[in-house]
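Bear in mind the structure is a predicted one, so any value in this text is a computation, not a measurement. We count ligands from 1, going down the list as the structure has it; atoms in each ligand are counted the same way.
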Amino acid sequence: MKFFIDTANLDQIKEAQALGILDGVTTNPSLMAKEGITGHDNIMKHYKTICEIVDGDVSAEVIATDYDGMVSEGEALADLDPQIVVKLPMIADGVKACKYFSDKGIKTNVTLIFSAGQALLAAKAGATYMSPFIGRLDDISTDGLGLIEEIRLIYDNYGYETQILAASVRHTMHIIDCAKIGADVMTGPLSAIKGLLKHPLTDIGLAQFLADYKKGN
Ligand code: E4P
């Protein structure tokens, strides 16, 4: 399973990259705003900086909600760097724009997926990635991981190559469950990724090894 970090925070992206386990970055307009990155030029510059830090795919979301607007914004984003993946919303014009970009060989990520039907449409439009938001489904007492299972089954039934990018991952167990189900990618916060490191027996064992070493030296 690929690991993407879901943030526009450069320090966190650098920390995850330095761990050596990072496959890419996802952002969205809210994450950009959270870092105080506003205005078209600053946002474009920030995407470029992120591409310089990481080796993998960097999702950059369009703001337009009409087909023509999404196509021109998406083309400008894709021109920024070959690592850019054009992130499009799951609405009719977003599906049309996804088909346009996939026909041109430009990578896409269809976002705000909350149902198996939307997942089918994203695959049929040739999306590179599609992002079901598991945390936001959990927030409204709906089974987010259950949706990942449904989509995995459907995609495997037909051999769709669209990658399931489990998004809105909130904690470490989400990552483990996504891996069990067979999500292709997960995107989550640095805290959830670093949570995978933790086990008290690791800390106890290491302390013991170091104490024993000191006894003999
Ligand atoms: C996905 O690409 C989104 O940026 C993200 O995962 C949304 O997560 P949230 O529900 O924690 O805002």
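Near Ala167, meaning under 4.0 Å from any of its heavy atoms, are these atoms of ligand 1: 1 (C), 6 (O). Set against the non-hydrogen atoms of Lys87, the atoms of ligand 1 under 4.0 Å away are 1 (C), 2 (O), 3 (C), 4 (O). Close contacts between ligand 1 and Asp6 involve ligand atoms 1 (C), 2 (O), 3 (C), 4 (O), 5 (C), 6 (O), 7 (C), 8 (O) [criterion: under 4.0 Å to a heavy atom]. Every atom of ligand 1 with a heavy atom of Arg170 under 4.0 Å away is listed here by number and element: 9 (P), 10 (O), 11 (O). Within ligand 1, the atoms closer than 4.0 Å to a non-hydrogen atom of Arg136 are 7 (C), 9 (P), 10 (O), 12 (O), numbered from 1 in the order shown.
Heavy atoms from other residues, nucleotides or ligands lying under 6.0 Å from CD of Glu75 number more than 12.
At least one side-chain heavy atom of Lys124 sits under 4.5 Å from a side-chain heavy atom of Tyr160. Counting heavy atoms from C-beta outward, Ser131 and Thr187 have side chains that stay 4.5 Å or more apart.
Distance from atom 4 (O) of ligand 1 to its nearest protein heavy atom, with residue and atom name: Asn28 ND2, 2.7 Å. Taking atom 7 (C) of ligand 1 as the reference point, the nearest protein heavy-atom neighbour is Phe133 CE2, 3.6 Å.
In terms of hydrophobic clustering, with Ile, Leu, Val, Met, Phe, Trp and Tyr side chains grouped at heavy-atom distances under 4.5 Å, Ile37 and Ile84 are assigned to a common cluster. In the hydrophobic clustering of this structure, Val110 groups with Leu147; members are Ile, Leu, Val, Met, Phe, Trp, Tyr whose side-chain heavy atoms approach within less than 4.5 Å, directly or through other members. Hydrophobic clustering, with ILVMFWY side chains joined whenever heavy atoms are under 4.5 angstrom apart, groups Ile176 together with Met186.
Of the N or O atoms in Ser168, one or more lie within a sub-3.5 Å distance of an N or O in ligand 1.
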